[in-house]
Amino acid sequence: MSEGVGNTVLVLHGLGGSGKTAVACVLFELAIRDEGRVGLWVNASDPASLRAGMLAVAADRGARDGELTAARNGLRAAADLVWQRLDGSERPWLLVLDSADDPSVLREGGWLRTSPRGTVLVTTRQAAGHWWPAAELLHVGVLPREEAAQVLCDLAPGTGSSEEAAAIADRLGRLPLALTLAGGFLAHQVITPWTMEEYGRYLRERPDPIELLDQGAVASVDHSRHLASRTWQLSLDQLVAQNLPEAVVLLRLLACLAHDPLPVTLLAGVGSAQLLPAARVEAALRGLLDHSLTELVPGGVLGLRTHGVLLDSVARTVPAEERERLVGAAAVLLRQALPADPERGLRDDRLALHAPHALALLRRLTSWPETSAGAAESAADCALLLVTGLHRSGDYASALDVAERAADLARDLLGHDHLVVLKLRQRVGKALDRLGRLEEAADLHRALLRDLERVCGQDAPETLTTCLHLSRPLTWLGQLPEAVGLMHRAESGRAARLGPWHPLTLEARACLLELPAGPELEREAVAGPVVVADCHRELGADHPVTLSADLNCAGALFRTGRHVEALPMARRALAAHERRFGGRLPHHDGCAEPPQQRAPRGG
């Protein structure tokens with residue numbers, strides 16, 4: 001905005017609370033102090049304020065009383081008078097049109113124009129380019145981490161360290177409005193002052209930070225713009241007024257999920273989730289984008305990112321009677337995006353993209369106690385399916401992290417003994433095992449086995465599966481007698497319940513061939529070729545249980561010195577794996593689902 005440059009319109013756009021007005025204030029001061037411009041500031045939030053402010057601009061630039069009276073009384077075009085005076089200004093100027101969140105107010109009166117004598121700076125939440133022809137659009141986002149922490153330290157000095165401030169800033173998404181509210185709260189507590197550590201702990205432990213944030217608001221002319229619980233309602237009201245109520249429903253759906261980028265393709269299923277008419281989803285999304293309530297994130301997978309404080313704010317205003325339907329729709333969308341039966345050994349990078357959303361759905365339910373156990377079960381099932389996919393793709397660290405957090409959340413919602421909670425604990429143990437944390441895995445599976453025996457019974461499918469899961473770390477910890485006993489218990493229990501040729505029964509028999517060299521393996525290896533033959537006959541050469549049986553048997557024959565028999569079996573097994581998995585060897589560790597849950601298949 002150097003002196004002499006005019007005919008320019010700059011539009012600062014972004015989410016409510018992102019600091020657009022604060023940026024405009026800085027530019028305003030610089031223009032006056034460093035460039036010698038005349039500074040003109042107008043509240044453009046509504047027609048009356050805009051009209052009064054623009055006529056004040058005309059008066060400042062030399063309009064006579066008679067001209068102003070005629071404009072006020074409608075005897076001459078008010079906007080023409082204003083721009084005539086701006087064009088004739090002796091000094092260059094900067095005109096700020098603040099809070100122009102409804103651009104139609106500017107357009108209908110012809111208030112937004114250009115002039116060779118100055119620059120117009122607009123602040124708005126409206127990001128749609130068609131409202132701002134020939135303008136330069138500048139997006140205002142959240143603050144960098146270091147600057148966000150400094151804001152808190154400046155507002156509430158002496159209440160904590162810069163690292164504690166940074167942690168709070170991260171939880172609040174580094175949104176200037178949220179940081180200002182948090183800093184205001186910390187700075188003004190008198191009777192029982194809070195530290196940043198206490199404030200941060202509250203944010204971590206409570207799923208809804210909005211009530212606490214609003215306590216940091218100070219009185220203002222437009223108080224609703226300074227409350228986290230109200231600042232975005234202005235945009236939602238505009239969407240409804242624009243005949244886009246579906247945008248509000250879509251934002252409420254997004255409030256069930258995380259602030260992390262959400263693959264846009266997931267929204268293609270909103271219509272089938274019976275939440276919105278499929279034909280209105282695109283328009284609803286466009287409305288949210290235009291009002292800066294969400295944003296597109298480019299990359300390998302096009303994502304949709306919505307600020308976390310906004311999501312929390314929207315979630316707390318969702319009517320209680322709508323929450324069940326929203327949770328159900330979110331669960332449907334996640335299920336549609338996840339593979340129903342994840343393939344072993346095949347990496348699927350999409351799974352990691354959905355992990356934060358599966359956890360966020362469970363977390364949102366903790367703040368919506370009105371929702372039913374059925375809704376919580378649907379959300380927990382999504383998390384279980386996701387963890388299964390992560391584990392089978394070989395991403396054991398992510399599987400462990402998601403399983404632990406999902407199990408904790410699901411336990412709070414459904415209770416310690418709910419079957420989905422127990423299955424999530426199974427997944428925690430399996431991931432610990434695969435990561436080499438054998439003693440932890442064994443301890444967890446022992447406790448889980450006792451719980452399953454008590455809740456489901458001695459011979460329930462889940463109980464027998466955990467017998468196999470426990471046998472694996474025990475084997476490598478050298479506790480072979482107990483491990484072999486658990487394997488045989490799983491085999492005999494499955495045979496009695498499911499039949500001798502069921503994939504789960506054959507799977508248990510194949511697991512006995514994974515034992516280390518020793519007397520136990522000598523006894524089991526004798527039956528190895530029979531197990532392999534049974535798998536080929538009953539399941540086919542390319543079934544996962546058959547492939548694992550081939551490899552296990554070849555390994556058992558090698559370890560017992562029967563190399564001549566082992567070599568052709570190993571070659572056949574490796575060739576089959578190459579055909580199916582392209583050279584990547586999938587693991588097989590007894591993770592098949594019980595037959596009543598889905599079609600039986602190995603692992």
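- Using a 4.5 Å heavy-atom threshold, the side chains of L359 and V402 count as touching.
- Note that OG1 of T265 is 8.5 Å distant from CG of L302, once rounded to the nearest 0.5 Å.
- Listed for the Q426 side chain is a donor-acceptor partner under 3.5 Å among the backbone atoms of E462.
- A search for side-chain contact (heavy atoms from CB on, under 4.5 Å) contacts involving P319 returns R252, E321, E322, not counting sequence neighbours.
- No side-chain donor from either of T505 and R497 sits under 3.5 Å from a side-chain acceptor of the other.
- Residues H563 and L557 have side chains not in contact (no heavy-atom distance under 4.5 Å, counting atoms from C-beta outward).
- Smallest separation of non-hydrogen atoms from L293 and L310: O-CD2, 3.1 Å.
- In this structure, L386 CG and H357 NE2 are separated by 10.5 Å, a value rounded to the nearest 0.5 Å.
- At a threshold of 4.0 Å, the pair R437-D443 does not count as salt-bridged, since none of the basic side-chain nitrogens sits closer than that to a carboxylate oxygen.
- Residue E370 qualifies as enclosed at atom CD: its count of foreign heavy atoms under 6.0 Å is above 12.
- No hydrogens or angles considered: a donor-acceptor pair under 3.5 Å links the side chains of D550 and H536.
- Contact annotation: the side chain of L266 approaches that of L334 to within less than 4.5 Å [non-hydrogen atoms, C-beta and beyond].
- Put simply, the side chain of R323 gets close to the backbone of V318: a donor and an acceptor are under 3.5 Å apart.
- Counting heavy atoms from C-beta outward, L468 and M487 have side chains that approach closer than 4.5 Å.
- Taking the side chain as every heavy atom from C-beta outward, Y396 and L390 never approach each other to under 4.5 Å.
- Under 3.5 Å, the side chains of E377 and H418 contain a donor-acceptor pair of N or O atoms.
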Does R562 form a salt bridge (Lys or Arg N to Asp or Glu O under 4.0 Å) with E565? I'd like the steps, not just the answer.
CA-CA 6 Å; R562 298 158 64 181; E565 297 175 66; 3.0 Å; yes
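- To the nearest 0.5 Å, the span separating CD on Q479 from CG on L470 amounts to 8.5 Å.
- For residues 519-533, the set of pairs meeting the salt bridge (Lys or Arg N to Asp or Glu O under 4.0 Å) definition, not counting sequence neighbours, is empty.
- The two atoms that bring L365 and A375 nearest to each other are CD1-O, 4.0 Å, heavy atoms only.
- Listed for the S378 side chain is no donor-acceptor partner under 3.5 Å among the backbone atoms of A331.
- In terms of modelled atom types and a separation under 3.5 Å, the side chain of S398 and the main chain of D395 share no donor-acceptor contact.
- Remark: R316 is not positioned above the aromatic ring of W368, lacking an NZ or CZ atom under 6.0 angstrom from the ring centre and at most 45 degrees off the axis.
- Taking 4.0 Å as the cut-off between side-chain N and carboxylate O, D408 and R411 count as a salt-bridged pair.
- Minimum heavy-atom separation, V309 to L172: CG2-O, 3.4 Å.
- Formation of a donor-acceptor pair under 3.5 Å by the S548 side chain with backbone atoms of V545 is not found in this model.
- Looking only at distances, a side-chain donor or acceptor of T560 sits under 3.5 Å from a matching main-chain atom of A556.
- Other residues, nucleotides and ligands place more than 12 heavy atoms under 6.0 Å from the CZ atom of R446.
- Of the possible donor and acceptor atoms, none in the side chain of T546 sits under 3.5 Å from a partner among the backbone N and O of D542.
- Shown here for V428 and E404, the closest heavy-atom pair between the two residues is CG2-N, 3.7 Å.
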L449 and C467: CA distance, side-chain angles, deciding distance, side-chain contact (heavy atoms from CB on, under 4.5 Å) verdict
CA-CA 7 Å; L449 182 57; C467 288; 4.0 Å; yes
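- Residues S471 and C511 have side chains not in contact (no heavy-atom distance under 4.5 Å, counting atoms from C-beta outward).
- Side-chain contact between R509 and R494 is absent, with no heavy-atom pair separated by less than 4.5 Å.
- H307 contributes atom NE2, which lies 11.5 Å from atom OG of S313 (distance to the nearest 0.5 angstrom).
- For the residue pair S372/E324, the side-chain donor-acceptor check at 3.5 Å is satisfied.
- Using a 4.5 Å cut-off on side-chain heavy atoms (C-beta onward), D312 and P209 make contact.
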Run D417 and R454 through salt bridge (Lys or Arg N to Asp or Glu O under 4.0 Å) and show every step you take.
CA-CA 9 Å; D417 291 340; R454 174 176 52 81; 2.9 Å; yes
Going through the checks in order, is the side-chain contact (heavy atoms from CB on, under 4.5 Å) test met by T465 and L452?
CA-CA 10 Å; T465 294; L452 285 166; over 6 Å; no
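- Formation of a donor-acceptor pair under 3.5 Å by the N552 side chain with backbone atoms of L513 is not found in this model.
- Remark: side-chain polar atoms of H391 are not paired, donor with acceptor, to backbone N or O of L400 under 3.5 angstrom.
- Environment of CD in E482: crowded, with over 12 heavy atoms of neighbouring residues, nucleotides or ligands closer than 6.0 Å.
- Here CG of L486 is found 10.5 Å from OG1 of T466. Values are rounded to the nearest 0.5 Å.
- The CG atom of L244 sits 8.5 Å away from the CG atom of L288 when rounded to the nearest 0.5 Å.
- For R559 (side chain) and L515 (main-chain N/O), a donor-acceptor pair under 3.5 Å exists by modelled atom type.
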Is there a salt bridge (Lys or Arg N to Asp or Glu O under 4.0 Å) between K430 and D433? Walk through the geometry before answering.
CA-CA 5 Å; K430 287 166 61 62; D433 179 357; over 6 Å; no
Take R286 and D290, measure what salt bridge (Lys or Arg N to Asp or Glu O under 4.0 Å) needs, and give me the verdict at the end.
CA-CA 6 Å; R286 175 48 56 191; D290 288 349; 3.4 Å; yes
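- When only modelled atom types and interatomic distance are considered, Q458 and T463 share no side-chain donor-acceptor pair under 3.5 Å.
- Shown here for R427 and L384, the closest heavy-atom pair between the two residues is CG-CD1, 3.9 Å.
- Between D451 and R425, the shortest heavy-atom distance links the atoms OD2-NH1, 2.8 Å.
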